[in-house]
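The structure appears right after this line, and notes come after that.
Note that these values count all heavy atoms, side chains included, but never hydrogens, waters or copies made by symmetry. Residue numbering restarts at 1 for every chain, and letters A, B, ... go by the order of the sequence lines.
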Amino acid sequence: MKITGTFIDEISHDIPHQNWGRAEWDADFAHMKSIGIDTVIMIRSGYRKFITYPSTYLTKQFGCYAPSTDLVELFLQLADKHGMRFYFGLYDSGTYWDTGNLQPEIDTNRFVIDEVWQRYGHYTSFGGWYISTEISRRTKGAIEAFRTLGLQCKSVSNGLPTFISPWIDGKKAVLAASATLSKADAVSVNEHEREWSEIFEGIAGAVDAVAFQDGHIDYDELPAFFEVNKKMADRFGLQCWTNAESFDRDMPIKFLPIKFDKLRLKLEAAAKAGYDKAITFEFSHFMSPQSAYLQAGHLYNRYNEYLDTLI
Amino acid sequence: MKITGTFIDEISHDIPHQNWGRAEWDADFAHMKSIGIDTVIMIRSGYRKFITYPSTYLTKQFGCYAPSTDLVELFLQLADKHGMRFYFGLYDSGTYWDTGNLQPEIDTNRFVIDEVWQRYGHYTSFGGWYISTEISRRTKGAIEAFRTLGLQCKSVSNGLPTFISPWIDGKKAVLAASATLSKADAVSVNEHEREWSEIFEGIAGAVDAVAFQDGHIDYDELPAFFEVNKKMADRFGLQCWTNAESFDRDMPIKFLPIKFDKLRLKLEAAAKAGYDKAITFEFSHFMSPQSAYLQAGHLYNRYNEYLDTLI
Amino acid sequence: MKITGTFIDEISHDIPHQNWGRAEWDADFAHMKSIGIDTVIMIRSGYRKFITYPSTYLTKQFGCYAPSTDLVELFLQLADKHGMRFYFGLYDSGTYWDTGNLQPEIDTNRFVIDEVWQRYGHYTSFGGWYISTEISRRTKGAIEAFRTLGLQCKSVSNGLPTFISPWIDGKKAVLAASATLSKADAVSVNEHEREWSEIFEGIAGAVDAVAFQDGHIDYDELPAFFEVNKKMADRFGLQCWTNAESFDRDMPIKFLPIKFDKLRLKLEAAAKAGYDKAITFEFSHFMSPQSAYLQAGHLYNRYNEYLDTLI
């Protein structure tokens with residue numbers, strides 16, 4: 001299973017910034033392309049007051065800080081240049097997702113979607129929307145919000161595809177800022193299937209693909225969960241992608257690049273379950289030859305050797 | 001607002017050591033100089049049994065370990081060579097600051113100050129003293145201790161300048177070794193002003209500048225706190241510096257280089273408040289092209305581009 | 001005291017993987033050799049389902065994952081090439097050591113030892129066995145398990161040497177995944193001596209050397225503990241090695257390379273106590289010029305300068 005997409009982690013929640021300029025991003029898109037990545041997904045256009053593009057609306061509405069670079073423009077220009085498809089990640093106010101009242105989040109993103117499509121919709125590479133909120137089974141109101149947001153995206157952009165990337169509520173589903181690495185009350189495969197079938201049913205037609213994050217369950221749980229995910233996706237007419245995390249969740253340093261064999265196990269499980277596409281979170285920190293984490297460059301080399309064995 | 005000073009993090013509390021020798025430090029002073037840094041501050045001359053110079057007094061009194069390099073001599077020689085001003089950070093026994101009885105700390109530093117001035121006072125670059133203890137509003141006995149220590153420094157060195165770098169007791173004022181990133185009982189601007197006015201009044205004349213660490217409050221709180229800091233400094237005749245932290249407090253890895261736009265926001269807030277000088281904690285790990293954290297080199301480049309826009 | 005051995009951290013518990021291939025490992029063995037390392041110890045052959053070599057037995061018994069590289073073969077080939085001695089670290093199921101019933105662990109390793117010796121025993125560099133479980137004073141059943149495992153290793157391999165590397169239950173004996181750096185209920189030197197004398201007596205004849213990890217006690221406690229360790233080792237006819245940890249236990253980032261002077265203090269304490277050999281955990285992450293942690297390369301340089309002063 002080849003990785004053909006990657007998130008771009010702007011605005012980052014929990015991965016320290018690399019402080020790249022245009023030259024570094026340009027080189028990184030070339031690195032991505034060289035291993036077959038054709039899709040880049042900007043993980044979110046903003047979080048609270050930090051935003052990726054000089055949004056008139058967000059600045060006025062929330063007092064967001066002016067970014068020194070228009071990253072949306074930069075990424076679209078580079079995606080055009082390198083022949084890649086760009087997905088735009090929606091804004092996250094950081095306020096409403098935990099409250100159960102998601103209407104303000106939906107309303108805000110209606111403005112963001114309009115503004116962004118008007119400003120950047122003409123780029124050839126503008127290829128889809130990423131509904132950026134990461135939920136799991138217990139996020140109240142998520143179905144309705146995902147459905148509405150997905151339809152808003154599609155209606156403004158002549159039906160460009162949308163996707164989400166939720167997490168499985170597994171044993172490793174702990175906060176990045178906590179010291180622990182695992183928890184006891186993990187979801188079972190059956191619960192996962194029951195709860196997510198309901199969600200899939202509710203979002204079908206508004207969301208085209210679901211890319212579950214693959215790092216919250218243990219390696220020997222991958223086959224069972226992946227099989228169920230694919231079955232649900234097929235049943236409700238969604239594409240089933242995997243979000244192959246290229247960072248290691250098992251280590252006290254949160255987070256550095258993953259050990260190659262762990263990534264391989266996850267990709268092999270996705271291939272075996274017949275998944276449609278593999279994307280990763282994310283190339284630039286964890287798999288890039290120019291990452292500040294030098295382990296990433298070695299992972300890039302190991303991954304390339306692995307690609308050679310697939311041919 | 002240009003950064004014109006940096007701490008040198010020896011002896012480090014919580015930032016892993018880079019194991020540099022003379023060659024690396026020499027190169028780093030040149031890097032500092034190239035972006036306009038004219039002031040280096042050795043953050044402390046010792047902490048508990050680890051010391052930066054072969055102190056006869058501290059070795060005898062506390063059984064301190066002999067350092068393999070005399071870092072005070074090294075830094076003074078390099079400051080001389082590169083035409084920079086060196087501030088000497090006082091010794092911290094690690095014992096008394098939490099007890100409310102600071103007399104032993106004062107007594108110890110009387111010997112340290114004498115010893116250091118006698119041994120190193122002839123260096124051209126020996127330009128001031130840093131009263132190294134980091135306090136916030138609730139440190140008992142701090143006023144008297146700061147006053148006495150400042151006067152001791154001045155009396156022995158013909159009035160060389162002194163400064164302190166306390167922290168604002170804001171929402172991000174949590175221990176580096178804790179897993180959390182923020183706390184609930186943050187200080188308000190009004191409390192901050194009331195409590196620090198009392199401290200400023202008590203230390204005026206003995207301490208010449210106060211460089212509050214800028215990383216414990218949120219970005220949108222900067223203007224209010226900075227305005228009050230400047231007002232208090234003016235009122236009591238102190239210089240108002242900012243200690244612009246170049247590491248990121250919002251990430252699970254404690255600590256890696258800060259995202260450039262965050263540093264920019266903090267520097268712009270200091271400029272707007274009319275601050276007198278900006279120093280950083282600290283160049284060598286977080287902004288240097290030769291830092292072990294490669295993000296630092298990129299921050300250096302982004303900062304240089306920013307300097308170009310200021311001209 | 002010169003470091004002449006190093007662990008190789010495969011399979012890692014808590015240090016993020018560097019993703020090296022054969023070329024990087026070959027270069028690293030050369031770097032090790034250049035500072036006088038003649039012994040490499042693979043820290044464990046497997047942990048739970050991750051294993052270092054394609055074990056027929058472990059795969060069948062526990063469903064272990066097939067590794068993409070046979071690391072045991074790789075390390076033995078490189079040890080042969082560079083003229084070094086290789087110690088094989090036993091398998092750790094991750095299941096029994098906390099239960100007090102260690103018989104399954106012993107039984108499993110009987111098969112592993114046989115399989116490994118049959119498959120790899122012909123390599124010139126196969127020079128010993130590392131009983132990989134890290135225990136401290138309170139591990140129930142450890143004496144009998146160590147004794148049996150040691151004898152199993154010896155009987156199959158014509159008496160090749162065995163060693164263990166336990167930890168002192170000192171103030172820094174906290175879990176890597178905890179946020180804290182120290183604890184209150186540390187062992188005293190007397191308790192340590194009483195409890196470990198009993199263990200040493202029980203394992204004498206089956207275990208040839210004990211290499212206590214040197215990082216769980218404070219620097220000024222090193223002389224007292226090291227003296228007792230050496231006394232016990234002499235009394236029961238064991239070799240006394242030190243496991244000089246080259247990572248820093250005092251920092252919030254768990255773990256990066258240690259400050260050179262800290263390593264030096266520990267090595268000097270071991271020399272003073274008359275220790276027989278110094279090994280380190282571990283060269284490749286924390287002391288290697290090609291480590292992803294660039295501080296390691298500087299530590300390598302500082303250590304080399306230190307070696308020059310020893311001659």
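In this structure, CG on B:Leu256 lies 5.0 Å from OH on A:Tyr293, to the nearest 0.5 angstrom. The structure places CD of B:Gln295 at 7.0 Å from NE2 of A:His285, a figure rounded to the nearest 0.5 Å. Atom CD1 of B:Ile253 and atom CD1 of A:Ile15 lie 7.0 Å apart (nearest 0.5 Å). The distance from the OG1 atom of A:Thr52 to the CG atom of B:Asp261 is 11.0 Å, given to the nearest 0.5 Å. The NE2 atom of A:His17 lies 8.5 Å from the CE atom of B:Met251; values are rounded to the nearest 0.5 Å.
Between chain A and the residues B:Thr180, B:Leu265, B:Thr309, B:Asn301, the largest count of heavy-atom pairs under 4.5 Å involves B:Leu265.
With a 4.5 Å cut-off on non-hydrogen atoms, B:Leu299 touches chain A through its backbone and its side chain both. Both the backbone and the side chain of B:Tyr219 come within contact range of chain A, judged by heavy atoms closer than 4.5 Å. Looking at A:Lys49, only its side chain comes within 4.5 Å of chain B, counting heavy atoms on both sides. With a 4.5 angstrom heavy-atom cutoff, A:Pro67 touches chain B via backbone and side-chain atoms both. With a 4.5 angstrom heavy-atom cutoff, B:Leu181 touches chain A only via side-chain atoms. Contacts between B:Asp248 and chain A at a heavy-atom distance below 4.5 Å are absent for every atom of the residue.
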Side chain to side chain contact (heavy atoms under 4.5 Å, CB included) assessment of A:Tyr65 paired with B:Asp220: CA-CA 9 Å; A:Tyr65 312 126; B:Asp220 53 12; 3.4 Å; yes
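Residues A:Phe50 and B:Asp250 form no side-chain contact, since every pair of their non-hydrogen atoms from C-beta on lies 4.5 Å or further apart.
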